[in-house]
S.K.: 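Right, I'll just put the structure down here and ask away after.
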Amino acid sequence: VYARLRGAHGFVGVIGFGAHDPANADRIVERLPALATFGSIIGSLIASGLEARHRQADARATIAATIAAGAFTPFFQPIVELYMGRVVGYEALSRFTDGGRPDLVFALAARSGLGLELEAATIQAATAASAVLPPDAHLSLNVSPAMILSGGLPALLAGHARPFVLEITEHVVVEDYAALKAGIKALGPDVRMA
């Protein structure tokens, strides 16, 4: 006998009851109303956790597919020195092919455990695409504190002659300023901060 587990947004699973002995099977049939009630109670207790796990799994699959397909494009916003009116650099901004807001997509990636992977993929795309920009213009990249602390940033910036300026994203709370400062220092003198 299977009893459905109902959550706030519909059925989230089933719970099964069985018997090897036909005499016990008759007892299960006699207790069907009680088993259905039991399934309802269990469902109400575990449904929110199951639904959260399903949402997280769906989010992770969506972000993983976005990374695998490269479903984002770097755009370059000019940075103009006002006194002379000349372009001195470009800020790399990521736009997603599904039209998702970048702040929401990056937040979803972080919640699903793929924040650094998405960030690395978009940085790699931006640095590669920046080859078409004037060589003397710097490239400004938005990076999270976690990316700086991960130690993976030097490899993403290696091999590019262009000067880089890193802007720490304002969407994430900095938990340890001393560690962040050390991580920034480890990037070397050629990487500037904004």
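Values reported hereafter were calculated over all heavy atoms of this structure, with side chains retained and with hydrogens, waters and symmetry mates removed.
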S.K.: Check whether any side-chain heavy atom of K185 lies under 4.5 Å from a side-chain heavy atom of L187, and answer yes or no.
M.R.: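 No, side chains not in contact.
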S.K.: With rounding to the nearest 0.5 Å, note down the distance linking OG1 in T66 to CG in L114.
M.R.: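 Going from the OG1 atom of T66 to the CG atom of L114 covers 10.0 Å.
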S.K.: For E91, I'd like to know if atom CD has over 12 heavy atoms of other residues, nucleotides or ligands within 6.0 Å.
M.R.: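 Correct, the count exceeds 12.
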S.K.: If you measure from CD1 on I168 to CG on N142, what distance do you get to the nearest 0.5 Å?
M.R.: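 The distance works out to 10.5 Å.
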S.K.: Linking I/L/V/M/F/W/Y whenever their side-chain heavy atoms sit closer than 4.5 Å, directly or via other members, would M147 and L118 fall into one cluster?
M.R.: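 No; tracing contacts between hydrophobic side chains, which count when under 4.5 Å, never links both residues.
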S.K.: I need the S140 OG to R192 CZ distance, nearest 0.5 Å.
M.R.: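 Taking OG in S140 and CZ in R192, the distance rounds to 9.0 Å.
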S.K.: For P134, is there any backbone N or O sitting under 3.5 Å from a side-chain donor or acceptor partner on R162?
M.R.: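 Yes, R162 side chain to P134 backbone: donor-acceptor pair under 3.5 Å.
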S.K.: Do L141 and V87 belong together in a cluster built from hydrophobic side chains that touch within less than 4.5 Å?
M.R.: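 They do share one cluster, since a chain of ILVMFWY contacts under 4.5 Å joins L141 to V87.
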S.K.: Under 3.5 Å, is there a donor-acceptor pair between the side chain of R60 and the main chain of S112?
M.R.: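 Yes; judged by distance alone, with no hydrogens or angles, the pair exists.
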S.K.: Which residue pairs pass the salt bridge (Lys or Arg N to Asp or Glu O under 4.0 Å) test with at least one member in residues 100-119, sequence neighbours excluded?
M.R.: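 Pairs touching residues 100-119 that pass the test: R101-D103.
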S.K.: Within this structure, what is the CD1-OG1 distance for the pair I67 and T62, rounded to the nearest 0.5 Å?
M.R.: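 Atom-to-atom, I67:CD1 and T62:OG1 are 11.0 Å apart.
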S.K.: Under 3.5 Å, is there a donor-acceptor pair between the side chain of H138 and the main chain of V88?
M.R.: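 Yes, the answer is positive, given that a donor and an acceptor are paired below the 3.5 Å cut-off.
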S.K.: Using the rule given for ring pair (Phe, Tyr, Trp, His ring centres under 6.0 Å), can you reason through F106 versus F72, listing the C-alpha separation, both sets of side-chain angles and the distance that settles it, and then say yes or no?
M.R.: CA-CA 12 Å; F106 281 105; F72 45 83; 8.6 Å; no
S.K.: V165 and L139: side-chain contact (heavy atoms from CB on, under 4.5 Å), yes or no, with the steps?
M.R.: CA-CA 6 Å; V165 175; L139 183 62; over 6 Å; no
S.K.: Same cluster or not: L116 versus L180, using hydrophobic residues (I, L, V, M, F, W, Y) connected whenever any side-chain heavy atoms lie under 4.5 Å apart?
M.R.: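 Result: yes, single cluster for both.
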S.K.: How far apart are the closest heavy atoms of L149 and A179, and which atoms are they?
M.R.: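 Looking at all heavy atoms of both residues, the shortest contact is CD2-O, 3.3 Å.
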S.K.: My understanding is that only residues two or more places apart in sequence, or in another chain, count here; which of them pass ring-ring contact (aromatic ring centres under 6.0 Å, His included) with Y90?
M.R.: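 ring-ring contact (aromatic ring centres under 6.0 Å, His included) list for Y90, sorted by chain: empty.
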S.K.: How close do P74 and A126 get, heavy atom to heavy atom, and via which atoms?
M.R.: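 Closest approach of P74 to A126: CB-CA, 3.8 Å.
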S.K.: Going by heavy atoms in the side chains, are S94 and V105 under 4.5 Å from each other?
M.R.: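 Side-chain contact under 4.5 Å: no.
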S.K.: Say whether, by atom type as modelled, one donor and one acceptor occur between the side chain of S130 and the main chain of L133 under 3.5 angstrom.
M.R.: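 Pair absent, no side-chain N/O of S130 close to backbone of L133.
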S.K.: Mind checking whether I79 and I123 sit in one hydrophobic cluster, side chains of I, L, V, M, F, W, Y counted as touching below 4.5 Å?
M.R.: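 They do not share one cluster, since no chain of ILVMFWY contacts under 4.5 Å joins I79 to I123.
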S.K.: Using a 4.5 Å cut-off on heavy atoms from C-beta on, say whether the side chain of M193 contacts that of I148.
M.R.: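 Counting from C-beta outward, I148 and M193 do come under 4.5 Å.
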S.K.: How long is the span from the CG atom in L156 to the NE2 atom in H160, to the nearest 0.5 Å?
M.R.: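 If we round to the nearest 0.5 Å, L156:CG and H160:NE2 are 8.0 Å apart.
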S.K.: Is it possible for you to say whether F75 and F96 belong to one hydrophobic cluster, with membership spreading through side-chain heavy-atom contacts below 4.5 Å?
M.R.: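 Looking at the clustering, F96 is in a separate group from F75.
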